[in-house]
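For reference, the structure discussed in these notes is given below.
Just follow the structure's listing: the first ligand is 1, and inside any ligand the first atom is 1.
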Amino acid sequence: MTFGQPFTGTDMGPELLMQKGLPSMLSNLGWRVDRVPEVLGKSFGSSSSSSPPPSTSNAKNSSLVGLGALSLAKLCLKKSSSGNFPLTLGGDHSISLGSLAGVLRSRPATGVIWVDAHADLNTPWISESGNMHGMPVGLLMEGMIPEGKKVEEVEGLEWLGEGWEGEEGWPAYKDGEKPPVLKPSSIVYVGLRDVDKEEREAIKSLNIKYYSMYDIDRLGIGAVMEKALEHLLKDDPSRPLHLSYDIDAVDPGQAPATGTTVRGGLTYREAHFVAERIANSGNLASADLVELNPTLSDDVGAEETVDLGLQILTSMMGKSII
Ligand SMILES: NC(=[NH2+])NCCC[C@H](N)C(=O)O
Ligand SMILES: [Mn+2]
Ligand SMILES: [Mn+2]
């Protein structure tokens with residue numbers, strides 16, 4: 001998926017990670033890997049496809065982003081319902097609208113750790129850029145859709161609304177079932193350093209827990225992760241967790257090959273510690289790694305970023321130093 005942001009090449013991440021040995025790295029950790037090669041066809045979201053239809057709202061390419069997210073939501077719903085761990089490789093961060101919606105539908109108690117330079121809490125009604133990779137949290141969060149507006153009015157997002165009629169893999173919401181939503185108290189941000197004005201106001205008014213780079217500098221990453229886990233697990237120690245890891249959380253010195261770099265990010269060890277500590281909780285049940293774009297850097301930078309992505313993935317899936 002590339003349609004959630006302006007650059008081509010974001011769809012190349014998964015193939016590179018697979019080629020560089022992710023499946024065997026995961027099986028070496030004891031996982032049985034069931035690879036689903038592409039969620040949609042090869043041509044979908046590919047850099048070479050012709051330009052997508054214009055959007056009717058301030059959500060660029062919403063019909064394609066929505067279609068991609070729905071396909072992924074179906075898959076994650078199916079996999080999580082049967083007790084599997086859906087590990088989603090992106091692609092831009094708009095795909096997390098799908099993975100998270102799918103996981104939340106089968107495991108509504110899921111708590112989310114969002115590791116990112118950005119809050120991705122925009123909606124079409126407040127976004128300055130209209131890029132949907134800045135909206136996956138906002139579109140799912142309770143209290144983010146303005147009065148009188150509905151998420152299902154956004155072209156492509158009909159499946160997230162109450163009136164959804166249902167289709168194979170994503171049935172209608174019935175018997176009091178609500179479309180997937182995320183409560184403000186069910187997410188913790190780690191690594192924030194570039195937050196839009198409206199997002200900042202929403203974080204404050206909804207009382208969303210966050211640990212920005214300032215907090216990481218002040219408290220240290222160890223204390224930050226203890227607090228983050230405590231916040232999500234205090235009432236239910238066996239709560240399933242979803243980790244959404246945007247590679248741009250990491251400092252651009254370590255991860256240059258991504259579309260919206262922001263200086264002053266996580267160090268190499270901090271980036272790993274976040275994943276290691278969450279894995280160590282034993283609660284991690286689903287995850288995404290997104291926003292790798294090898295075309296946005298020189299060859300060395302691209303290789304380093306893909307390699308870092310692989311290492312972070314193995315850390316979150318349980319690799320320990322000793
Ligand atoms: N997943 C990302 N890299 N998101 C960047 C979002 C940047 C900005 N806040 C926007 O909404 O356009
Ligand atoms: Mn980001
Ligand atoms: Mn992001």
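With a 4.0 Å heavy-atom cut-off, ligand 1 is reached by the side chain of D248 but not by its N, CA, C or O. Contacts between H118 and ligand 1 below 4.0 angstrom, taking non-hydrogen atoms only, involve the side chain exclusively. At a heavy-atom cutoff of 4.0 Å, ligand 1 is contacted by no atom of T258, backbone or side chain. Contact annotation: for E291 versus ligand 1, heavy atoms closer than 4.0 Å belong to the side chain alone.
Ion pairing between a basic and an acidic side chain is recognised when a charged N comes within 4.0 Å of a carboxylate O; E201 and K197 show such pairing.
Distances under 2.8 Å from the Mn ion (ligand 3) pick out the protein N/O/S atoms H93 ND1, D116 OD2, D120 OD2, D246 OD2.
S129 OG, 2.5 Å is the protein heavy atom nearest to atom 12 (O) of ligand 1. Summary of contacts: the protein heavy atom closest to atom 3 (N) of ligand 1 is T260 OG1, 2.9 Å. Remark: minimum distance from atom 9 (N) of ligand 1 to any protein heavy atom is reached at D196 OD2, 2.9 Å. Atom 2 (C) of ligand 1 has as its closest protein heavy atom H133 ND1, 3.3 Å.
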Can I get a per-line list of side-chain donor-acceptor pairs under 3.5 Å for residues 18-26, giving both atom names and the distance, sequence neighbours left out?
{"unit_1": "K20", "atom_1": "NZ", "unit_2": "E303", "atom_2": "OE2", "d": "3.4"}
{"unit_1": "S24", "atom_1": "OG", "unit_2": "G21", "atom_2": "O", "d": "3.1"}

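A side-chain N or O of H93 and one of S244 form a donor-acceptor pair less than 3.5 Å apart. Between D92 and T10, the side chains place no donor N or O within less than 3.5 Å of an acceptor N or O (distance only, hydrogens not considered). Of the N and O atoms on the side chains of S238 and D236, at least one donor lies less than 3.5 Å from an acceptor on the other residue.
Cluster partners of F7 are L296, counting Ile, Leu, Val, Met, Phe, Trp and Tyr whose side-chain heavy atoms approach within less than 4.5 Å, directly or via other members.
In this view, D215 and R218 satisfy the salt bridge (charged side-chain N to carboxylate O under 4.0 Å, His left out) rule, not counting sequence neighbours.
Counting heavy atoms from C-beta on, the side chains of N293 and T258 never come closer than 4.5 Å.
Taking only non-hydrogen atoms, the option from I247, N122, D120 nearest to atom 11 (O) of ligand 1 is N122.
In this structure, CG in L308 is found 10.0 Å from CG in L266, a value given to the nearest 0.5 Å.
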